[in-house]
Every structure is written in structure tokens, then in C-alpha cells.
Amino acid sequence: MERKIFLSLLMTGVVSVLLTAVVALTALFIFIENRVYNELQSDADIIIAALDSTEGMTLFDNIDEVDRCRITLISPEGQVLYDNYANVDGLGSHLNRPEIIGALEKGSSYGRHSSETFGEILYYYAIRLDDGNILRVSLSSDQSFTIFLGTAIMTLLISGGLIAVGIFLSSRLTMKITAPVRRLAANIGDDTLDDADDDIYPEFKPLVDKIRRQQLEIKRQLARVEKEKNRLATIINNMDEGLLLLDNSFNIIMLNESACRLLGSRLSRFECTGKPIAEVCPLDEVKSCIENADSINLTINGRHLQLHVNQVMASAEEVGRIGLILDITERSEIERIKQEFTANVSHELKTPLTSISGYAELIESGMATGDDIILFAGRIRRESARMLTLISDIIKLSQLDEESDHENFEPVDLHTICEECMDILDISAKRHNVSLSLEGETCELLASPSELTELVYNLIDNAIRYNRPGGKVSIKVESGMSGYPEGTIMLTVSDTGIGIAKEHTGRVFERFYRVDKSRSKETGGTGLGLAIVKHVAERHGAKLTLDSELNVGTTVRVIFYGNVSENP
């Protein structure tokens, strides 16, 4: 814009100066030419007034006043009668000269053309005398040309100076004209645009208002985009699944923290960006999966993973690959536990059924008689009871595997449930020579009464079964503990039993897991008690902890964090 304004102003000035110079020089030329003609006419009048005859023309041969001009007398027939600069004998007819023709026709005439005699351009004035002869006075154009050239040079110098001044003024004027526009352009995108109203041209106000509205809209759009970008980045970076985006050369465009962790990279996600995927994860199966846009299962750092890779298309052209990494370790572990559970159930049921079948066969065949029949019948009853207990626990676990229905929860006093379970297990405790004690206060929480009873019953029952003769089982219900949120309730069941070795503490809550299988069978345990405890705790949003020392005892804590409907 500045360049166009500058050039426009400069061209206007230059054209104006040049036109002025041309007009001035043209006027000067016309003025000089008219002055020459006037001088020639004056000279002719002087000559006519002083001369009466042809012989009198010789009076002007050596007069300085007329040395500067050529005087020629020509007859009506075109013959040169006198010439003060040339010999008339060598001059031809002048009848065809324009000024002679004009003088014969109009009485007088002006002309300018090249002289055949002198070989230069001359100015001519011719007048018809009373006797019919024609007096012609002529002047060389050199003098007028010298005057014109000097004036033209001066005019051009002045014009050049004016053009130089015009360049300077055009530059300053351009800067002054465009200054508000430049300030306006500099303020676009800043909050100072509102302060520019007094510094801009009125013609620009509609444009400024429109720019201001667009600025506000752009800011709103950018804020929304930034918000969406941050929200999307937060979602992607907090995904448990790994997300991987590659270009056509399999260089990483973007990946989240989960992808870095699952692929076992020691680099951060920012350091991985731009690097080849083979540098971040050099496994051949990963490279092959990405190249073929396939899905595979693999194991990295002990984790079972699934990698799904698809092509990213844009306008029917592939622009990259996107990969999703799923951690299926827990799913694999669940499948393993289910398989073990099925095998354990089959094994646990097979043993008592085999015993029952064997004893029944002995009775049926008549091989058992008298007291043996009573003995075998008792064993059949015990094995049947064991089967019923096992089946009952399996049914309970199946029910607990279903989603928790908090609508069936109701206020329950945990202290009262502990008292009821102690009453039920009192006979078992006396049989094992174990003492029971309860501490605490009334603590109500929202829970399923039956499920909570199962939890407390199994904890106390386990503490009795795996205790020592003369041992103790201490139950404690408390609330308002230091360091816990308000409304937290803690159930603690401690025993002085055989304890659990460190290598087993992480698995005792698995189904059918027994630390000492022979002891479990002796005590009648099914291996499902602590699994039921774990499921009930999870359904009630409770945290389960276990502290145990071999041959010292075990302490199990169940921490209920307030209302389970608010802490699922």
C-alpha cells in the first residue's frame, strides 16, 4: 500500500513537472520564434524606409547593424537581384521558396527552412515592395537555438530539483498518510485496537468495527479450540489404553503415557514424538503388526497386551497408521482364575462324591454290616454336608459376582452383626478351644445385611479354624479414626493363630486357594471363605488389608468409607 501511494504521488509530481517543463519550453520556443520574426519584420521596415532603389541596397553591404541578417532582393520572376552575403550570379530562381510564394500571394510571409546557399536552417521574412520586387530578410537559427538550449538546460535542472523534492515530499507524505493504517495494522490482534478509534480515518471505521468483531469471535473460537484440545489431551493421556499415531514412514506423530508405559519405553511421550516406532519398541512382532495393519497378542515386561493397528485414510489416500494397545493382563488373569475355579470345583466335588459313592457301594453290596453301616452312614453324612457347604459357597460367590444393587442396601449396625456371628460361632470356638472378644461401639452404615453377615461370619470362622488351642480371636468395630475421612468405619478381626507366610498373603483371597491344604480339609474349609469376604467388601466399596506373621497371628481389616451409595 505504501509503495503504491508513494509511486502515485511521485508519478503525479513527475508528470506535473515534466508537463510544466514541456509547456514552458514550447511557449519559450514560440516566443523566441515570434521575436525573431518581429526582428526580421523591423529590419525589413528599416530597409524599406531607407532605400529607394536597387543600387541603394549596396549601402548595407558593410553596415554592422545588419551584419547579423541576410538581405535579399528578388524580382517577381524569382530572380535574385541583390544578396548581401552571396553572389547573385550563382543563385538560382527563388520563386519556389515558401516565403516568396506567400509574399506574392499575401504581400508578406514568414518561413523557416534550410538554406541551399548556406546549408543551415534560417528564419525568413519576405515582403512585396511597391515596385513588385520582393524584399527578403533572413536570420540564422543558431542564435535562437542557443537561447532555447540554455533555457531548456536550466528548465531541466530545475525540473530535476523539483523531482528530487517531490520524491522527498512524496515519501514523507506517504508515511504520514499511511501512519494511521500502520498503527491500525500493528494493533490488530492486540487489546489496544479499541484505543485506535481516534487515530484512524473515518472511512476505516467500518473496517475497524468489523475487525474488532472478528477478533472477538476469533478469541472465542480459539478459547473453545484450546479448551477442546486440552480436554482431548487430558482424556487421551488419562486413558488406560495406549494410543499411537504414526505417519506413512512409521514415525511417531503422537502417543499417550499409557502407550509409553505399555511398550516399555524409557523415554517420555514428548521424547518419543518424531522418532521411528522401531526405536521406541524394537520388537519384530510390533513392527510387523504396524506394517500389515494387523492385530496381535504379545507380552512386554510381563504384561499381556493386545495391539490393534488400522490405516488412517484421507480422500482415499493413506496418511498414516493408528494403533490401540490394550492391557489384557487382568482379563487373562480372570480367565486363568475361572479355569482354575472350574477345575477346583470339579476336584472339590469329585472327592466327596467318590467317598459317598464308595461307602454306598459297600453298604449296597452287603460287605458292610452292623457297626460298619453306622460308621459309613456317618461318613456319607459328613461328605454330603461338606458338599452342601461347598455348593452353598459357590452359589454365594456366583451371586456376589453379579452387579451390586445399592437399592437393596439399608442401615445396618456392624457391631450388632458381629455379636450375632459370635453367638453362631460360639460352639465352634469352644470346640477349637478359642476365646472370642468384641470391642467397639454402635456403627451404622448402608449395606446388605445378609452380605455383611457373610463377611463377618467368614472372617471370624477363619480366625477360629486356623487358630491354636487356647488362642484368641479379637473383633473390633470403630469409627472416627485419625487420618481417615469422616464417616469411615473399620472392622478388625485379629487372631493368635498359625499365621500366613509372606509369599501367600497376596493370594489368600483367591477362590480355593489354601495355604495348608491338609489343615483346610481337617477343619472343613472350602477355600472360598476369604474369596467371599473380598467380593462383599468390593460390593460395599470397602478396602481390605491383611497383616500376618507366621506362627504369630493374622489381622484382617475391612474399612468402609462412609455411605456406600456415595462411594461405590
Side-chain angles (χ1 to χ4, degrees), residues 188-191 211 213-339 401 403 506 538 541 543 567-568:
I188 291 178
D190 298 338
D191 295 333
I211 292 174
R213 289 194 297 271
Q214 289 180 343
Q215 273 187 325
L216 293 175
E217 182 61 28
I218 289 171
K219 286 181 180 179
R220 285 195 290 266
Q221 293 286 352
L222 288 176
R224 283 196 291 268
V225 170
E226 187 67 21
K227 183 179 179 181
E228 288 298 319
K229 177 184 174 183
N230 293 336
R231 189 170 70 88
L232 182 61
T234 301
I235 291 173
I236 290 175
N237 287 323
N238 286 279
M239 288 173 56
D240 292 332
E241 298 81 7
L243 188 64
L244 184 66
L245 189 62
L246 308 174
D247 60 19
N248 283 331
S249 301
F250 305 140
N251 296 320
I252 296 174
I253 299 175
M254 186 274 293
L255 79 169
N256 59 3
E257 293 292 348
S258 295
C260 285
R261 174 175 51 81
L262 294 174
L263 291 175
S265 174
R266 297 182 179 179
L267 303 175
S268 67
R269 65 188 183 91
F270 301 105
E271 294 173 327
C272 291
T273 303
K275 295 183 181 297
I277 184 61
E279 186 175 333
V280 176
C281 184
L283 296 178
D284 292 336
E285 54 262 47
V286 172
K287 180 181 178 182
S288 175
C289 178
I290 292 173
E291 289 177 350
N292 299 322
D294 203 354
S295 298
I296 60 167
N297 293 337
L298 67 157
T299 301
I300 298 178
N301 295 334
R303 308 293 295 180
H304 300 291
L305 308 175
Q306 278 185 350
L307 174 59
H308 304 277
V309 180
N310 289 316
Q311 295 175 323
V312 179
M313 308 297 291
S315 303
E317 182 181 355
E318 182 182 349
V319 296
R321 302 286 169 94
I322 186 169
L324 186 65
I325 307 170
L326 304 177
D327 188 349
I328 60 171
T329 304
E330 293 184 4
R331 189 195 309 172
S332 301
E333 186 66 16
I334 290 172
E335 291 295 329
R336 183 189 65 79
I337 292 173
K338 284 183 178 180
Q339 292 175 358
D401 280 336
E403 290 187 6
E538 289 176 348
K543 181 180 178 182
N567 298 280

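Please read these numbers as outputs of a predicted model, since none were measured by experiment.
- Side-chain N or O atoms of Asn310 include none that pairs as donor or acceptor with a backbone N or O of Leu324 at under 3.5 Å.
- The side-chain heavy atoms of Cys260 and Leu255, taken from C-beta on, include a pair separated by under 4.5 Å.
- Nearest approach of Gly242 to Leu262, heavy atoms of both residues: N-CD1, 4.0 Å.
- Leu283 contributes atom CG, which lies 5.0 Å from atom CD1 of Ile300 (distance to the nearest 0.5 angstrom).
- For Glu318, the side chain to side chain donor-acceptor pair (under 3.5 Å) partners at least two apart in sequence or on another chain are Gln311, Arg321.
- Residues passing the side chain to side chain donor-acceptor pair (under 3.5 Å) test with Gln221 are Glu217, Arg224, sequence neighbours excluded.
- Contact detail for Asn256 and Met239: the closest heavy-atom pair is ND2-CB, 4.0 Å.
- Each salt bridge (charged side-chain N to carboxylate O under 4.0 Å, His left out) pair with one or both residues in residues 287-311, not counting sequence neighbours, appears once here: Arg303-Asp327.
- Closest of all the heavy-atom pairs between Leu263 and Cys281 is CD2-SG, 4.0 Å.
- Not one N or O on the side chain of Asn251 forms a donor-acceptor pair closer than 3.5 Å with the backbone of Asp247.
- Leu305 is not listed as a side-chain neighbour of Leu307, based on a closest heavy-atom distance of 4.5 Å or more.
- To the nearest 0.5 Å, atom CD1 of residue Ile290 and atom CD1 of residue Ile296 are 8.5 Å apart.
- When atom types are taken as modelled, the side chain of Asn297 and the backbone of Gln306 share no donor-acceptor pair closer than 3.5 angstrom.
- In this structure, the side chain to side chain donor-acceptor pair (under 3.5 Å) partners of Asn292, at least two apart in sequence or on a different chain, are Ser288.
- The side-chain heavy atoms of Leu246 and Ile253, taken from C-beta on, include no pair separated by under 4.5 Å.
- Residues in residues 262-278 take part in these salt bridge (charged side-chain N to carboxylate O under 4.0 Å, His left out) pairs, two or more places apart or across chains: Glu257-Arg269, Lys275-Glu279.
- Under the side chain to side chain donor-acceptor pair (under 3.5 Å) criterion, His304 pairs with Thr299, sequence neighbours left out.
- When side chains are defined from C-beta on, Leu243 counts as touching Ile322, because their heavy atoms get closer than 4.5 Å.
- Note: Asn238 CG to Ser258 OG = 8.0 Å, rounded to the nearest 0.5 Å.
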